[in-house]
Amino acid sequence: MEPRTALAVVLGTLLGLCCLARPAVALRLSVVGVPVPDRHGPDGDGGVSTRMRWLVRVVGAACLLVSGYLLAA
Amino acid sequence: MEHLGLKFRMAVVGAILFAFYAVVAAIAYAMGVPLVLVLLGSVALVGVQYKIGKWSALRSIGAEEMPEDGRWTDVHRRVEALADEMGIEKPRLMVADMGVPNAFAVGRKGAATVVVSNELARTLNDDELEGVLAHELAHVKNRDVVTMVIGQGIASIVGIAAQWLVLLSGDNDIADFFLSMIVGSVVQFIVMLFVLAISRYREYVADADAKQYIGSGEPLARALEKIQRGNESPSASGSATRQRGGRGRGQRSRGGQSDGVNEQVGALCIFDDDERSLVTKLVATHPPVEKRIARLRE
């Protein structure tokens with residue numbers, strides 16, 4: 001396996017697992033995950049909706065699938 | 001000098017962010033992209049993010065103009081007085097049913113909007129509400145909204161640059177394409193950690209400014225305690241909204257957060273269902289409420 005492909009598999013797996021295990025964290029760290037960057041409230045914007053969590057989990061699963069495909073190919 | 005420690009930390013994190021951007025600009029320049037183009041592209045990206053952010057913030061919660069009569073008269077009067085004292089223009093005031101007690105500011109100094117939730121107005125007394133409003137006006141005065149948008153813009157630019165670097169240096173097969181996406185995301189995640197650190201510092205500064213302008217930290221501290229309790233039992237706030245004839249879009253149950261306005265409002269809540277682990281602290285936009293309250297009462 002080429003080094004770049006191996007790196008893609010490793011990083012893709014890690015990112016996929018992160019998205020599946022902690023979708024709120026992954027979402028917050030992405031630019032799209034803070035949908036309103038200027039939304040400062042006195043008590044913060046810590047919550048992430050259920051739909052967004054599931055969307056991130058789907059992305060995570062896709063990352064794992066592609067990583068698995070690259071590993072198998 | 002005010003907030004010396006916070007300013008020092010802000011300067012360090014800001015310098016790191018600028019270094020990220022400078023590296024990307026230098027690489028682009030080395031690849032033959034004129035610096036003017038790099039700067040113009042960066043400004044355009046930040047401008048688009050700013051406009052979209054402001055528009056979506058107001059639209060997502062269905063914010064409406066705050067009437068100048070009735071129960072809101074005093075709010076207008078207090079905001080006007082605070083804005084005058086802070087030396088900024090009075091921001092546009094709006095109200096919304098958010099499902100939880102909250103408030104936030106969008107826009108830049110001179111064209112800012114402060115949104116207050118109906119639940120907040122019902123939960124807090126006049127002094128506590130003034131504390132919250134002072135906090136929001138401090139964000140406007142300190143240009144925190146623009147600061148955050150610039151930070152996110154840098155994260156986007158660095159992430160996109162990393163993505164293209166990987167893509168252009170590869171063979172354009174599926175592995176390279178995938179690797180470029182992953183590397184772009186990971187790099188952006190790393191930069192966002194610094195942006196979120198800045199956000200947390202700005203909160204302390206806004207709290208301190210609010211304390212200074214209203215002459216005491218106690219009202220805001222009490223407000224934070226009430227908001228904290230309100231967020232722990234948002235369904236109660238939601239049901240209060242329904243009983244008082246809140247708008248139809250806000251009338252869905254928040255329990256499932258499956259759709260409608262309450263899902264959007266979920267992004268405003270302080271408490272994730274994750275615990276306050278180190279990771280959660282690192283990606284928080286706000287410091288722990290307990291620490292903020294303690295500082296306000298110092």
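Chain letters run A, B, ... following the sequence lines, proteins first and then strands; every chain starts at 1. All values below come from the heavy atoms of this structure, side chains included, with hydrogens, waters and symmetry mates left out. Since the structure is predicted, the reported quantities are computational estimates derived from the model, not experimental observations.
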Chemist: Give the member of B:Gly131, B:Gly151, B:Gly170, B:Ala210 that has the highest number of heavy-atom pairs under 4.5 Å with chain A.
Modeler: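 With the most close heavy-atom pairs to chain A, the winner is B:Gly170.
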
Chemist: Report which part of B:Ser117 has an atom under 4.5 Å of a heavy atom belonging to chain A: side chain, backbone, both, or neither.
Modeler: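 Looking at B:Ser117, nothing touches chain A.
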
Chemist: Would you check if A:Ser30 and B:Met192 make a side-chain contact, meaning some heavy-atom pair closer than 4.5 Å?
Modeler: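 When only atoms from C-beta onward are counted, B:Met192 and A:Ser30 do not touch, as no gap falls below 4.5 Å.
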
Chemist: Where is the tightest heavy-atom contact between B:Ala175 and A:Thr5, given as atom of each residue plus distance?
Modeler: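 That closest heavy-atom pairing would be CB-OG1, 3.7 Å.
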
Chemist: With side-chain contact (heavy atoms from CB on, under 4.5 Å) as the test, would you mind laying out the steps for A:Arg4 and B:Val166 before giving the verdict?
Modeler: CA-CA 10 Å; A:Arg4 286 172 72 99; B:Val166 173; 3.5 Å; yes

Chemist: Using the test side chain to side chain contact (heavy atoms under 4.5 Å, CB included), find all partners of B:Ile150 that sit at least two apart in sequence or belong to another chain.
Modeler: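 B:Ile150: side chain to side chain contact (heavy atoms under 4.5 Å, CB included) contacts with B:Val46, B:Val146, B:Ile154.
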
Chemist: Sort by residue number and list every member of residues 64-73 of chain A having a non-hydrogen atom under 4.5 Å from chain B.
Modeler: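 Near chain B, by residue number: A:Val66, A:Ser67, A:Tyr69, A:Leu70.
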
Chemist: Would you find more than 12 non-hydrogen atoms of other residues, nucleotides or ligands less than 6.0 Å from A:Arg57 atom CZ?
Modeler: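 Count over threshold, so yes.
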
Chemist: Would you mind checking which part of A:Cys63 comes under 4.5 Å of any heavy atom in chain B, side chain (CB onward), backbone (N, CA, C, O), both or neither?
Modeler: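 Both backbone and side chain.
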
Chemist: Name the option with the most non-hydrogen atom pairs under 4.5 Å to chain A; the candidates are B:Asp176, B:Val186, B:Ile174.
Modeler: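 Looking at each of B:Asp176, B:Val186, B:Ile174 in turn, B:Asp176 comes out on top.
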
Chemist: Under the rule for side chain to side chain donor-acceptor pair (under 3.5 Å), what residues qualify as partners of B:Lys109, not counting sequence neighbours?
Modeler: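 Partners of B:Lys109 under the side chain to side chain donor-acceptor pair (under 3.5 Å) test: none.
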
Chemist: State which residues pass side chain to side chain donor-acceptor pair (under 3.5 Å) with B:Ser156; sequence neighbours excluded, sorted by chain then number.
Modeler: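 Residues passing side chain to side chain donor-acceptor pair (under 3.5 Å) with B:Ser156: B:Gln49.
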
Chemist: Measuring from A:Glu2:CD to B:Asp173:CG, what's the distance to the nearest 0.5 Å?
Modeler: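 Interatomic distance, A:Glu2 CD to B:Asp173 CG, rounded to 0.5 Å: 7.0 Å.
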
Chemist: Which atoms of A:Leu15 come close to chain B, meaning under 4.5 Å heavy atom to heavy atom: side chain ones, backbone ones, both, or neither?
Modeler: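 Only the side chain of A:Leu15 comes within 4.5 Å of chain B.
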
Chemist: Contact part of B:Ile190 toward chain A, heavy-atom cut-off under 4.5 Å: side chain, backbone, both or neither?
Modeler: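 Contact with chain A is absent: no heavy atom of B:Ile190 under 4.5 Å.
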
Chemist: Are the side chains of B:Leu282 and A:Val25 in contact, using a 4.5 Å heavy-atom criterion?
Modeler: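 A:Val25 vs B:Leu282: side chains apart.
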
Chemist: What verdict does the side-chain contact (heavy atoms from CB on, under 4.5 Å) test give for B:Leu196 and A:Leu29, after you've listed the backbone C-alpha separation in whole Å, the side-chain angles of each residue and the deciding distance to 0.1 Å?
Modeler: CA-CA 8 Å; B:Leu196 293 171; A:Leu29 286 174; 4.0 Å; yes

